Chemist: 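One structure, pasted below without further comment.
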Amino acid sequence: MDRSVVVPFETLHFLGRMNVHLTHELQNVMATISETSGLLDDLVDLFSAGADMDRKRLSKLTGRIVQEIDRGHKLVSHINTLAHSVDEAESEVDLTRVVRFMAYTAPCLPNARPIELDINLEELKAVIRPYLLEHLLYAAIRYAFQGLEPDQGIGLKLSSQDNTAEILFTGLALGKEFPGFPDAFAQKALDTLQATASLDRDRGALALTLPLDR
């Protein structure tokens with residue numbers, strides 16, 4: 001396979017930003033574990049000094065550490081998945097996995113909102129440049145979050161028909177005061193993937209359509 005494909009700067013920028021988002025959350029995990037470990041040390045010192053053991057508080061602190069370690073493992077897994085997306089210039093990928101991956105990493109993005117996934121397909125294979133698809137989804141997710149209140153979320157549905165895949169975002173903030181989609185960066189990803197974008201702000205929907213067989 002030809003490995004000489006030039007990756008657009010915009011996609012490199014996206015990969016760098018995703019790494020920043022994910023590692024920032026990983027730093028938060030480490031900070032929480034460090035803080036909680038300090039509180040555990042304080043409890044041990046009190047117990048050594050003759051105080052009664054506060055088992056309820058001890059259990060709560062150890063539970064928090066276990067929870068943060070699990071979150072840290074997931075973040076490291078996300079970082080590894082992102083890194084492996086550039087193993088090959090183009091490869092057969094499962095679109096359901098890629099869409100889920102980007103939805104699972106979305107809470108790390110600035111101004112993140114909840115995402116309700118609607119994927120009934122076990123898998124949906126396509127030969128594609130995975131890093132460009134991730135770049136496109138990143139741009140679409142960031143766009144879909146615009147104008148929403150903190151308690152508002154978006155829907156994300158993946159479906160297929162007639163040898164095409166549709167990735168549909170719903171629940172976007174209504175109105176015409178927002179810029180259009182795609183911007184110049186996302187348009188490059190659309191063009192390379194031979195995909196199209198359809199935005200309906202009045203309905204609060206954004207649809208991405210990709211060919212499954214190019």
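Given the structure is predicted, the values throughout are model-derived calculations rather than measurements.
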Chemist: Could you give the distance from CD1 (I115) to CD1 (I154), rounded to the nearest 0.5 Å?
Modeler: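 Spacing of CD1 (I115) from CD1 (I154) equals 4.5 Å.
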Chemist: Would you say the side chain of R71 lies within less than 4.5 Å of the side chain of K74, judging by non-hydrogen atoms?
Modeler: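 A side-chain contact under 4.5 Å is absent here.
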Chemist: Check the pair L117, R100 against side chain to side chain contact (heavy atoms under 4.5 Å, CB included), reporting the backbone distance first and the verdict last.
Modeler: CA-CA 8 Å; L117 274 176; R100 284 193 175 98; 4.0 Å; yes
Chemist: Treating Ile, Leu, Val, Met, Phe, Trp and Tyr as nodes and any side-chain heavy-atom pair under 4.5 angstrom as an edge, say whether L137 and L148 lie in one connected cluster.
Modeler: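 The answer is yes; both residues are in one hydrophobic cluster.
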Chemist: Once you round to the nearest 0.5 Å, how far does OG1 of T23 lie from CD of Q27?
Modeler: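 Atom-to-atom, T23:OG1 and Q27:CD are 6.0 Å apart.
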Chemist: What's the shortest heavy-atom distance between L136 and A189, and which atoms?
Modeler: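 Closest heavy-atom pair between L136 and A189: CB-CB, 4.2 Å.
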Chemist: Can any side-chain N or O of S59 pair as donor or acceptor with the backbone N or O of R55 at less than 3.5 Å?
Modeler: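 Absent.
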Chemist: Go through it in stages, so that I can follow the logic: the residues are L210 and L133, the test is side chain to side chain contact (heavy atoms under 4.5 Å, CB included), and I'd like the CA-CA distance, side-chain angles, deciding distance and then a yes or no.
Modeler: CA-CA 10 Å; L210 302 92; L133 177 58; 3.7 Å; yes
Chemist: Mind checking the CG-CZ spacing from L40 to R57? Nearest 0.5 Å is all I need.
Modeler: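 Reported to 0.5 Å precision, the distance equals 9.0 Å.
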Chemist: Just how far is it from atom CZ of R64 to atom CD1 of I33, taken to the nearest 0.5 Å?
Modeler: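 Rounded to the nearest 0.5 Å, the CZ-CD1 separation comes to 11.0 Å.
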Chemist: Please tell me if the side chains of E10 and H135 come closer than 4.5 Å, counting only heavy atoms from C-beta onward.
Modeler: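 A side-chain contact exists here, since the closest heavy-atom pair is under 4.5 Å.
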Chemist: Quick one, E88 and P130 - any side-chain contact, counting heavy atoms below 4.5 Å?
Modeler: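 Not in contact.
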Chemist: More than 12 foreign heavy atoms under 6.0 Å from CD of E116: is that the case here?
Modeler: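 Counting neighbours around CD of E116, 12 or fewer heavy atoms of other residues, nucleotides or ligands fall under 6.0 Å, so no.
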Chemist: Taking T192 for its side chain and K188 for its backbone only, find out whether a donor-acceptor pair lies under 3.5 Å.
Modeler: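 The answer is yes, because a donor-acceptor pair under 3.5 Å joins these two groups.
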Chemist: Rounded to the nearest 0.5 Å, what separates atom CD in E90 from atom CD in E92?
Modeler: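 E90 atom CD to E92 atom CD measures 11.0 Å (nearest 0.5 Å).
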Chemist: Please confirm whether the backbone N or O of H73 pairs with a side-chain atom of S77, one donor and one acceptor, at under 3.5 Å?
Modeler: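 No; zero donor-acceptor contacts below 3.5 Å.
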Chemist: Should L22 and V20 be counted in the same cluster of Ile, Leu, Val, Met, Phe, Trp and Tyr side chains packed under 4.5 Å apart?
Modeler: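 Per the 4.5 Å side-chain linkage, L22 and V20 are not co-clustered.
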Chemist: Membership question, hydrophobic clusters at under 4.5 Å side-chain separation (ILVMFWY): are F185 and M102 in the same one?
Modeler: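 As far as the 4.5 Å side-chain criterion goes, F185 and M102 are not connected within one cluster.
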Chemist: For the pair Y143 and L172, evaluate side chain to side chain contact (heavy atoms under 4.5 Å, CB included) and give the outcome as yes or no after the intermediate values.
Modeler: CA-CA 9 Å; Y143 182 82; L172 280 65; 4.0 Å; yes
Chemist: With a 4.5 Å limit on heavy-atom distance, are the side chains of L168 and S159 in contact?
Modeler: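 L168 vs S159: side chains apart.
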Chemist: Can you name the nearest heavy-atom pair linking S85 to L15, along with the distance?
Modeler: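 It is OG-CD2, 4.3 Å.
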Chemist: Output yes when D94 and R97 qualify as a salt bridge under the 4.0 Å nitrogen-oxygen rule, no when they do not.
Modeler: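 A salt bridge is absent here (no side-chain N lies under 4.0 Å from a carboxylate O).
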Chemist: Please name the pair of heavy atoms, one in R113 and one in G153, separated by the smallest distance, quoted to 0.1 Å.
Modeler: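 Heavy atoms only, the tightest pair is CB-CA, 4.4 Å.
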Chemist: Could you report the tightest heavy-atom contact between A106 and F145, atom names first, then the distance?
Modeler: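 In terms of heavy atoms, the two residues are closest at CB-CZ, 4.2 Å.
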Chemist: Quick one: sort the Y138 and F14 rings into parallel, tilted or perpendicular, breaks at 30° and 60°.
Modeler: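 Because their plane-to-plane angle lies in the 30° to 60° range, the rings of Y138 and F14 count as tilted.
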Chemist: What distance separates N80 CG from L75 CG, expressed to the nearest 0.5 Å?
Modeler: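 Taking CG in N80 and CG in L75, the distance rounds to 11.0 Å.
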Chemist: Within the structure provided, determine whether L95 and I167 are in side-chain contact (heavy-atom separation under 4.5 Å).
Modeler: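 The answer is no; the side chains never approach within 4.5 Å.
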Chemist: Shared ILVMFWY cluster between V66 and L61, side chains joined below 4.5 angstrom?
Modeler: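 Result: no, two separate clusters.
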Chemist: Minimum heavy-atom separation for P150 and P114, please, with both atom names.
Modeler: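 Heavy atoms only, the tightest pair is O-CD, 4.2 Å.
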Chemist: Same cluster or not: L121 versus L212, using hydrophobic residues (I, L, V, M, F, W, Y) connected whenever any side-chain heavy atoms lie under 4.5 Å apart?
Modeler: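 In one cluster: yes.
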Chemist: Quick one: closest heavy-atom pair of A139 and A186, and the distance?
Modeler: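 Shortest heavy-atom contact: CB-CB, 4.0 Å.
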Chemist: So M18 and L109, side chain to side chain contact (heavy atoms under 4.5 Å, CB included) or not? Walk me through it.
Modeler: CA-CA 8 Å; M18 281 295 296; L109 306 182; 3.9 Å; yes
Chemist: Can you check whether E134 reaches L82 side chain to side chain, under 4.5 Å on heavy atoms?
Modeler: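 Yes, their side chains come closer than 4.5 Å.
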